Structures are given as C-alpha cells and as structure tokens.
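Nothing here was measured: the structure is a model prediction, and the numbers come from that model. Position 1 is the first residue of the sequence; numbering continues from there. The basis for the numbers below is simple: all heavy atoms, side chains too, and nothing from hydrogens, waters or symmetry mates.
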Amino acid sequence: MYNIVKTKGYESVNDAFYPINDTSFANERAPRTENKLSWLRRGLLTNRFKEFVYQLTIVLLLLVFFCFELNEDQHQSLHTLFKPSELAFFANYLAAAMVINYILLPAFYYRKRWIWFIATFSVLLAVVILVDEFVLEQIFFPDTRGTHFPGLMFTLVETLPIIIIIVAFKLAWDSNLRQRELERLAGLMKESEIQFLKSQINPHFLFNNLNSLYAYAIDNSPKTPSIILELSAVLRYMLYDCQSDFVPLPREIQQLENYVALNQLQIENRGGIRFSKDIANLDFSIPPLILIVFVENAFKHSAGSQAADITIEIHVTVSANGKLTFLCTNNYSRNYRSEGLAKGIGLENVRKRLDLQYPDEHTLDIQDNGRIFVTRLTMQLKKTD
C-alpha cells in the first residue's frame, strides 16, 4: 500500500518525493488493469485458436478415413472420396462429439457427476442412432439400408468409433492443458515459498544485529557509527538487490565480506576471524542470502557464549565448472546450550530454500562435537544468463 502526500509540486510516495507532472513512477506504481485484461484475453484466444487447429486436424483426418472406400479396381477416386451420404453421416457423429466435448464433459464429467454424464451420453447416443436410421438412411438409402433396422449392437459398432476417437483426443488435449497449468501453479507456489523464506531471513538478521548495536550504543562505543554504516550497507543489499531468485556470485561474495567486516567490528579483540576465498570462475549465479545465514549463526553463537577466544573460520571455493564448497567453523563455550544451534529459524529456512532451488544438486553437512560447530555446503551453481 502506498502513502501519497502532495506538497509544493511534488508528491511523496512512501517518503520518496517525485514531481507531480512526472508520470513515470505513477505508471510503474499502478499498472493498467486493461493491459492485464488484454494480455489474458490474448492468451485465451491463443489457446482457443490452438485447440481449434488441433481439433480441425483430427476431424479432417477422421473424415478422410471415414469416407475412404476402395472401388472394384482397388483404387480410390478422388472425386468420389467425399460422397454426400458419407458427409451427412459423419456430420451427425461430429455434432454428437462436439456436444460431448464442450457441454457434457465440462458440465458433468469434469465435475464428477457420473450419473448425469452417463444418462445424457446415453440420450445423445440414442438421438444419433435415431437420426441415422430414420432420417439419413431414409434420405440416402430408402430402398436398401432404410428398409430395416440392423440391430442395436451393429449400429453401435458403426456409430461409436468416430465419436469416441474425437472425444478421446479432446480429453487428451484437456489433460495436457491441466498438466501444464499444474506445473505453472507449482512453479508459482515454489517461487512464493522462496520469497516467503527470504522475507523471514531479513527480520531474523535485523533482530540479531540490532541487539548487538543496542549493546554498543549503551556503552557509548566509538565503533557504533561504523557498525551502523556497515549494517546499512548490508540491509541495502538485502532490501534492494535480493529481489530476484539469483544474484551474480561476485555480488554475493562481496556482501559476505561486508557482513564479516561488520561482525569483526563487534568482536574487536575478543577473538580472530579468518575469511578466505578461492574462486576460479565468477560467471555464475547464486541464491541471495544463502551463505550469510551460516556465517550469522557462527557469529551469534560464538560471540554469545564466550567473552574471549572466539575463533571463526570461513572459506569459499568455486571451481571452474561452478562447484561451490563453503566451509564455516566456529567454536563456542562448553557451557553453552547447543541444542538449538542447528535448529534456528535461519538454518531451517536455508535448508528449505536449498531443497526447493537445488533439490538434487547440493549437500549440507552440519557437525557439532560440543565445542566446535562445522558447516559444510557444496552446491552446483548455475551459469549467469
């Protein structure tokens, strides 16, 4: 929701000011509904056109097959291929199939109203047989086929195949359409879940760092302004650069270094931090805020459990083919309750994100021996587009 306030030729939108006569932001802020509707209509028309071409192709092929009949010389004359009688009978079957495809299927079959579907299908089939026997055959074959009723089974064998084939192809089309829709919805759900997990990381990170910042502010530490500046840079990255599912690897590594520098300011002389990287190829992308959660966990528990002798080691390796290996090791006090180290909100979010974005392309190994906490992550990065 936007908070818009006009003042002296400008308007404020969420505390950011824009000229009133500048419509570029307004266009971005309020996408036109009619454009979305036009896009939906175009998509609907495209699908209908594709289905029409699909159905027309099937009908034409069946029509040729239905009308094909060899003469005494075992040849088919092209000018006698589509006889009026054959076209009339085929039109009767085609009309029944269209009624089934576009009335009975959506009204009863897809809604699982089986009794209604069977009943209406039976009535429709009876109508088709009646038209065949008492209308078309009386018109085209009054002295032969029109003189007697050959029996229900014979008539069904003659009538049902064309109808069933057309309906079967319609069911196949609808099934494929539903499958594509399910895949699209699954993708949207996956994207929504990833965005939700990312949105949880920001407050979690902010909460932990504001607690530390509060402690430094209470003590009037001279490092407080530097910590605020570093925290601002980290938050700017989180809020503005992490909107996509993947970010360039160099940007994420730089962000990791900034975060390590931020925590180094807070630790001061209470211990040592080692950060090293060995990257053979930077032309890869990585999900944002994946690695930083492990580093945050290390700083939180090491600094929170002991006043001195803090040891944290972070190493990032990326091979030429994009295989990333991340190793983070931190110590903590023996008296520190470690049950929650591997079960925090941040780590749980990362596990879920890795399962969603790298289902078969990552391994996460977390070990805790009561004194040292080790996190090892390997994952196959994707090439930058």
**Q** Could you walk me through whether T378 and T325 satisfy the side-chain hydrogen bond (donor to acceptor under 3.5 Å, both in side chains) test, starting with their C-alpha distance in whole Å, then the side-chain angles of each, then the deciding distance to 0.1 Å, before giving a yes or no?
**A** CA-CA 4 Å; T378 60; T325 302; 5.9 Å; no

**Q** Does L327 belong to the same Ile/Leu/Val/Met/Phe/Trp/Tyr cluster as V260, with side-chain heavy atoms less than 4.5 Å apart forming each link?
**A**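 L327 and V260: separate clusters.
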
**Q** Is it possible for you to say whether L63 and I164 belong to one hydrophobic cluster, with membership spreading through side-chain heavy-atom contacts below 4.5 Å?
**A**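 Yes: a chain of side-chain contacts under 4.5 Å links L63 to I164.
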
**Q** Please tell me if the side chains of Y93 and I166 come closer than 4.5 Å, counting only heavy atoms from C-beta onward.
**A**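 Heavy-atom side-chain distance check fails, nothing below 4.5 Å.
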
**Q** Q357 vs K382, test: side-chain contact (heavy atoms from CB on, under 4.5 Å). Steps then yes/no.
**A** CA-CA 11 Å; Q357 295 179 295; K382 303 182 188 305; over 6 Å; no

**Q** Could you tell me whether W114 and Y109 have their ring centroids closer than 6.0 angstrom?
**A**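 When the ring centroids of W114 and Y109 are compared, they turn out to be within the sub-6.0 Å range.
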
**Q** For C328, does its backbone N or O pair with a side-chain atom of R376 as donor and acceptor, under 3.5 Å?
**A**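 Checking the backbone N and O of C328 against the side chain of R376, no donor-acceptor pair under 3.5 Å is found.
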
**Q** Determine whether a donor-acceptor pair (N or O, by modelled atom type, separation under 3.5 Å) exists between the side chain of T57 and the backbone of V53.
**A**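 A pair under 3.5 Å: yes.
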
**Q** Is there a path of hydrophobic side-chain contacts, each under 4.5 Å between heavy atoms, that joins V59 and L61?
**A**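 Hydrophobic grouping puts V59 apart from L61.
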
**Q** Considering only NZ, NE, NH1 and NH2 on the basic side and carboxylate oxygens on the acidic side, decide whether K170 and D174 come within less than 4.0 Å.
**A**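 So K170 pairs with D174 through a salt bridge.
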
**Q** I103 vs F108, test: side-chain contact (heavy atoms from CB on, under 4.5 Å). Steps then yes/no.
**A** CA-CA 8 Å; I103 297 179; F108 304 122; 5.8 Å; no

**Q** Just wondering, do D283 and L249 contact through their side chains at under 4.5 Å, heavy atoms?
**A**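 L249 does not reach D283 side chain to side chain.
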
**Q** If hydrophobic clusters are built from ILVMFWY residues whose side chains come within less than 4.5 Å, do F134 and L156 share one?
**A**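 Shared cluster, no.
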
**Q** Both conditions, 6.0 Å and 45 degrees, for the charged tip of K383 above the ring of F284: are they met here?
**A**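 Cation-pi check for K383 and F284: passes.
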
**Q** Is there a chain of hydrophobic side chains (I, L, V, M, F, W, Y, each step under 4.5 Å between heavy atoms) that links F299 to I372?
**A**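 Different clusters: F299 never reaches I372 through Ile, Leu, Val, Met, Phe, Trp or Tyr contacts under 4.5 Å.
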
